[in-house]
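Single-structure report; data block below.
Here is the naming used below: chain letters follow the sequence lines, and residue numbers restart at 1 for every chain. Below, each value reflects all heavy atoms present in this structure, side chains not excepted, and no hydrogens, waters or symmetry copies. This is a predicted model, so every value here is computed, not measured.
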Amino acid sequence: MALNRRQFVQIGAAAGLIAAPMINRRAYAAEPIKVGSLLDLSGPLGSSGQTMYDAIQLAAAEVNAKGGLLGRPVQLINYDTQSTIQLYSQYAQQLALKDKVDVVHGGITSASREAIRPVFDRFRVLYFYNVLYEGGVCDRDTFCTGTTPAQTVNKLVDYTLKNFGKKAYVIAADYNYGQITAKWMKKYTQDGGGSVVTVDFFPLDVTNFSATIGKIQEAKPDVVLSALVGSNHTAFYRQWAAAGMKSRIPIASTTFGLVNELATLDAKESDGIITAYGYYEEIDTPASKDFVKAIRDKFGASVPYIGELAAVTYEGFHLWAEGVVKAGSVDRMKDIVALESGISFDGPSGKVTLDHATHHTIRNAYVGKAVNKKWQVLQSFPNQAPADTAAVCDLIKHPNTDKMFVIDVK
Amino acid sequence: MDLIGLTGFNILVAIATLVLLALGLGVIYGMMRIINLAHGEFLMLGAYATALATNHGVNIWISMLIVSPLVVGIFGLLVERLFIRFLYGRMIDTMLATWGLSLALIGLVTTLFGTTVQGVSAPLGGFAIGRYQGSLYGLFLVACAAAMLGGLYALLRTTRFGLIVRATMQNPNMAAALGVSPPRIYMATFALGSALTGLAGGLLAPVSGTAPNMGVAFVAKSFITVLGGGAAFVTGTGLASTLFGIIDEIATERTTPVFGEVALLLSAVILIRVLPQGITGRFFRRST
């Protein structure tokens, strides 16, 4: 029988169509569940992304060691977004359309989250943002598992008001995280009877802080509240200490430590700085110790400080896994319903519960102080609710909400 | 009064920082017409050399003042021999090559040392300006910048080597006819520029930190300063640094850091519009 090319193609296509379901069924048993991950492993945020990447790899390996989810292995697909927002949009589309992942964990800065969240909404991909941030995201397709200002900034400001004084000077990074966090700092300071003398914002590539250090001295605050972000901004703490200001005005920060400042700075530059986070490596519980040991065993002793970013990424992944098990499916809507049913996970930071109304977490919060390149945990606050976001967001009543509330703080 | 003192001191430090950032680039761009887009990464290498040497027990002053310029100077020599010497007179090609080099260096350093490196902290401590505190290390930076500027000027104006270098840059064929070997002079000049950049990186490490991507934040300011300075790059870099340092510092102090950056760029745009050849294109034309 002689075939011309057209017939050959037609027959081939028909044969393929008939065979396809069979191939599919055969492959199904081992077909992995694909988890997308978008993290900055290089650039100014690289040192934040690296430990998050370690944590999500650990979580995936743990799940796989127990036989995977629903009898299927979990496959992690990670792209290095190189601290570039443009790459976030590009890789987000790639994950959604080419790799066809079942869920995405990722994003570090709030700017990156707002770049990719609409992409995952549009292509119906479940999205987990595992980073502390300024609060306000209200989106049924998205879960934000990190701490928000009510859980951390509030505790931090309470501490500084009580221990340092009522007059604060705020310095923050000039993008959505810094702008909104600065508002929260101001609100909590005023609620506590204090005042904010000045708020200064810095573009992320600023490295010279001498004029600001002069201005702070002129304003004579009782405390400096910092929401500076990235390795360029770490220069502030160096110049602050170099000017001999370290012993004169204390610093409290919502971000200090996130780019491993304790490792890159000298103890005499970092000692005494107060922070509030959802997790510290030094937390003395079996779960926390196991987590730290597991990461160091897997990735070597050279892994830098393991803080909230890593712990929350790990917890976020496990919360998602619990949701998948409960739903018995990786269908997006079924997973969302399961995750909304009050799923919780006992992670390194303690018990973490997903809140239906806000898609944020109820979790422990801690206040710590830098002492000799370690964090000394001063206070702990169990089961803190994301009250900031809860004030504006109710996904039980309005499940179709999809926006980021910029909470109006006077 | 104290505040004026503090602001004046901050302005001096800002000027010194710009001089440090731009001087090595001035040698490479101002004299050799090579647009070294890896300039920021040369600074970064200088900072790494200081940080790593200090962490391995070398005295911090030796790390900054000797190790950094030596390491980056030798590195510059290699770069000149391996890439740059094939590209003299091909400005666009040099830009491409050095841009690639810049990306490669960031990647290489990230791979070798990771994103977290223990930095060095500023020695010396603070000193009082009336009721305010300034950084003694800042004062040291001012002294270093002045010494580098003065030293380079003296080297180029008063020594035989300086004469030969200036002659080669002005007319390589004539210099060759008089028995000078231009390729060797180019090599030495590029290494000198690299060493100055390495020294600057080392000196700035304690105040700006050490990270693979740190050069990106500096490279634009360096180019603006050199371009604003114009052809007589030593005098020009000094003058442009002074102008931009004053504008940046006062704008930041009086308004916000965001506006400080804007003011710096805006003044650079205006300067280039009014004086397309840079400051020394019109004034002090006979200096170096």
Inset, instruction - Mind checking the NZ-CG spacing from A:K215 to B:L6? Nearest 0.5 Å is all I need. - result: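 Between atom NZ of A:K215 and atom CG of B:L6 there are 12.5 Å.
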Inset, instruction - Could you grab the distance from atom CD of A:Q239 to atom OG of B:S135, nearest 0.5 Å is fine? - result: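 Going from the CD atom of A:Q239 to the OG atom of B:S135 covers 8.5 Å.
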Legend entry - Sorted by number, residues from residues 204-212 of chain A in contact with chain B (heavy atoms, under 4.5 Å):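 Against chain B, the residues of residues 204-212 of chain A that fall inside the cut-off (heavy atoms, under 4.5 Å) are A:D205, A:V206, A:T207, A:N208, A:S210, A:A211, A:T212.
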Inset, instruction - Would you check, one step at a time, whether the test side chain to side chain contact (heavy atoms under 4.5 Å, CB included) holds for B:N213 with A:S231? - result: CA-CA 9 Å; B:N213 57 286; A:S231 50; 3.8 Å; yes
Please check if the number of heavy atoms outside [X] that lie under 6.0 Å from its [atom1] is greater than 12.
X: B:W61; atom1: CH2; answer: yes
X: A:K369; atom1: NZ; answer: no
X: B:R254; atom1: CZ; answer: no

Could you look at [X] and say if it's the side chain, the backbone, both or neither that has a heavy atom under 4.5 Å from chain A?
X: B:F9; answer: neither
X: B:V120; answer: backbone
X: B:V13; answer: neither
X: B:T111; answer: neither
X: B:P206; answer: backbone

Inset, instruction - Count the heavy-atom pairs under 4.5 Å between each of B:S208, B:A51, B:G107 and chain A, then report the option with the highest count. - result: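 If we count pairs closer than 4.5 Å to chain A, B:S208 comes out on top.
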Inset, instruction - Could you have a look at B:A211, B:P212, B:G134 and say which one has the most heavy-atom pairs with chain A under 4.5 angstrom? - result: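 Going by pairs under 4.5 Å, I would pick B:G134.
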Structural part of [X] lying under 4.5 Å from a heavy atom of chain B:
X: A:A241; value: neither
X: A:E218; value: both
X: A:K220; value: side chain
X: A:L41; value: backbone

Legend entry - Residues of residues 240-253 of chain B within contact distance of chain A, non-hydrogen under 4.5 Å: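 Interface residues of residues 240-253 of chain B: B:E249, B:T252, B:E253.
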Legend entry - Closest non-hydrogen atom pair between A:P203 and B:E261, with its separation: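 Of all heavy-atom pairs spanning A:P203 and B:E261, the closest is CG-CG, 4.5 Å.
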Legend entry - Sub-4.5 Å side-chain heavy-atom contact between B:P257 and A:D200: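 Yes, close enough: below the 4.5 Å cut-off.
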